[in-house]
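Below you'll find the structure, written out as structure tokens, and then a few comments.
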Amino acid sequence: MAAIETVGLTKQYGDLTAVDDLDLTIEEGEVFGFLGPNGAGKSTTINMLLDFTRPSAGSATVLGYDAQDEADAISPRVGVLPEGFDIYPRLTGRRHIEFAIETKDAADDPDAVLERVGLSADDAARPAGDYSKGMRQRLATGMALVGDPDLLIMDEPSSGLDPHGIREMQELVRSEAETGTTVFFSSHILEHVEAVCDRIGVLNEGELVAVDTIEGLRESIGGGGTMELTLADSADAFRDAVGAVDGIADVTVSGRTLECSIADPAAKAGAVIALDDAGTTVRDVRIEDVSLESLFTTLTNGGDDPGGRSTDETESPAAATPEVAE
Amino acid sequence: MTQHITTVARKEFEDAGRSKLLWALIALLVGLVTIGYVAIWYTADDVTAAEVLGFIALPLQTIIPIAALIVGYMAVVGERRSGSIKLLLGLPPNRTDIVFGKLLGRMAVVATAVFLAFVVALVLGAVLFGSVPFVDWLAFGAISILFGVSFAGLAVGVSAGVSTRGKSMAIVVGLYMLVLALWELVTAGPYYLVYGEGPPVEAEAWYLFVDQFNPITTYTTLVGNVVEGEVFPFMFQYGLEDFEAAGMTPAERYAGDAPFYLQDWFGLVVLLCWLVVPVAIGYYRFQKTDL
């Protein structure tokens, strides 16, 4: 059974299509990153999964239940960290966690939950209205974790957190995943997704432009990057030796450096061995992966635009516009 | 499924208990009652505690609705605008739990505030006027609590049915103005236009039926039945209707034996309507809306 499945999920606000015919399947136990620029439709999608917003067309199931008709069966088994939420300013942090425990009919110890999300006993005794944005985020994360949910849905979980807090949050996601929890995690910041996710889906202007593992995305967008080798001798004589290695697509020479385009990541070691066999010394190796940042930019700015949609979010078209997935 | 209504209601009540606004409203109600009692004690001779009790219906008919509307008008829409409703809906409670949990919580808040004011009234009656009109007190208190929770329900219903705080406030203030200041214009006004004269004291049954749906006159009619002395509704008058009619109940204005829907107890139905109808409309709209 899929943890989340959407079929033709669409949301229109007047003329604006916020989410356009989304087909997405997230398997149980995976950590799925839902990536896209602000305004791409990530939150609208999540809001439809949680029945905050009703789809214009299509349907979604969460843990096998219809997101609209069977929402009451879903909510006790799902932990939600919504986007744009607020806490109850007059109630203490501890009372928030206790309230989550009461509604989920769970047996959690409030203090243990608070400690897990990094809120001290002193913090917990204070009204949550005094909390910083990051502390509110931690508190809501704690509420989501109550009752050991089968599925965690986190909308922009890193917002308001400092780098240390973001690392803690990523560790928390990993440890939840290790116990078998499915995590669905949205972000507009690539590195946050990259650090924890098994697969990512890229959403742009309401459409899913790619779904793959990070490695898969890298490959489909142009191999494994480039490798620059600096030799002790003039590089020209060794061009053929490197070019003969399987998985090296192209070699350019300038002075003592060879710049190789890598099609297969395993070719990098092969190139170094081949050069060593040919009798030269490799002084330095620099490897540049296709940066996910550029990949992301390519995916979200490029691609065809079927028109009729708002182009508010569209920036200047990127140079490269490969078709990755539809 | 509605299993989370009481959990939400308890959270609401606890949250409201930490609100300065609530304590200000309780202080207002209690203060008003205290001032009324002390003033009468100071100025009047030979007054019984039962008579003084009836006298405080005069300020309460204006203050209780205001307090209840203030307690309720932000109940649902406030959470919607701040975003805390997402935190709440992300937990097991659903929209039904939210509307009815908030309704119960806010009604409990208003009931508590009115109850405290009445406790003070009972104590002051005993201390200053030397008697405890318990039966009057109980009935008057119960009617006042119903009056208060009706307005709280009205406000919670409005807060569930709109998308912004401003709309909620506009509708709630508008409705209060309607019942306090504009009622005669919207009931006797059309009558005047149709018949060329204002409604007489002994008006047609349909007119008396419509006119009695004002919750404030309903309250004074009901209270008039359980306390000593008469309780006049404090409302704006425009002279469309006979001034004599203003202080009379629908049953008194009806020629002959009043049908059931014009008798004084029917006021309980009227107050329940002011509670149920707005909640039903607000609930229906809230169920359908995108948050």
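Here is how names work: the chains are called A, B, and so on, in the same order as the sequence lines, proteins then strands, and each is numbered from 1. Only heavy atoms go into these numbers, but all of them, side chains included; no hydrogens, no water, no symmetry mates.
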*Please assess A:Arg90 against B:Glu14 for the test side-chain contact (heavy atoms from CB on, under 4.5 Å), listing each intermediate value before the final yes or no.*
CA-CA 9 Å; A:Arg90 289 189 290 265; B:Glu14 200 175 313; over 6 Å; no
*asked:* Are more than 12 heavy atoms, taken from residues, nucleotides or ligands other than A:Arg174, located less than 6.0 Å from that residue's CZ atom?
replied: yes
*Minimal non-hydrogen separation, A:Met143 against B:Leu91, with atom names*: CE-CD1, 3.7 Å
_Per-residue contact mode, A:Glu83 against chain B (heavy atom under 4.5 angstrom)_ = both
*asked:* Minimum heavy-atom separation for A:Tyr88 and B:Leu88, please, with both atom names.
replied: OH-CD2, 3.3 Å
*Answer with side chain, backbone, both or neither: which region of A:Ala71 has an atom nearer than 4.5 Å to a non-hydrogen atom of chain B?*
neither
_Using a 4.5 angstrom heavy-atom cutoff, name the option from B:Gly17, B:Ser82, B:Pro93, B:Pro92 with the most pairs to chain A._
B:Pro92
*Is A:Asp86 reaching over with its side chain to a backbone N or O of B:Glu79, donor-acceptor style, under 3.5 angstrom?*
no
*Is the number of heavy atoms from other residues, nucleotides or ligands under 6.0 Å of B:Tyr283 OH greater than 12?*
yes
*Got more than 12 heavy atoms from elsewhere within 6.0 Å of CE, B:Met169?*
no
*asked:* Can you tell me which portion of A:Ile87 sits under 4.5 Å from chain B's heavy atoms? Options are side chain, backbone, both or neither.
replied: both
*Locate the shortest heavy-atom distance separating B:Leu87 from A:Ala140; write the atom from each residue and the value.*
CD1-CB, 3.7 Å
*CD/A:Gln68: more than 12 non-hydrogen atoms of other groups inside 6.0 Å*: yes
*Name the region of A:Arg77, side chain, backbone, both or neither, that has any atom closer than 4.5 Å to a heavy atom of chain B.*
neither
_Any residue of residues 146-156 of chain A which, by heavy atoms, sits under 4.5 Å from chain B_ = none
*Looking at A:Thr92 and B:Arg18, what are the two nearest heavy atoms and their distance?*
CG2-NH1, 4.3 Å
_Nearest atoms (heavy-atom pairs only) where A:Arg54 meets B:Thr289_ = NH1-O, 3.7 Å
_Close contacts, residues 7-14 of chain A versus chain B, judged by heavy atoms under 4.5 Å_ = A:Lys11, A:Tyr13
*Contacts of residues 103-113 of chain A with chain B (heavy atom under 4.5 Å)*: A:Thr103, A:Lys104
*What is the distance from atom NZ of B:Lys86 to atom CG of A:Asn47, rounded to the nearest 0.5 Å?*
5.0 Å
*What are the residues of residues 98-119 of chain B, in order of number, with any heavy atom under 4.5 angstrom from a heavy atom of chain A?*
none
*To the nearest 0.5 Å, how far apart are CG in B:Asp97 and CG in A:Asp72?*
7.5 Å
_Presence of salt bridge, A:Glu102 and B:Arg10, under 4.0 angstrom_ = yes
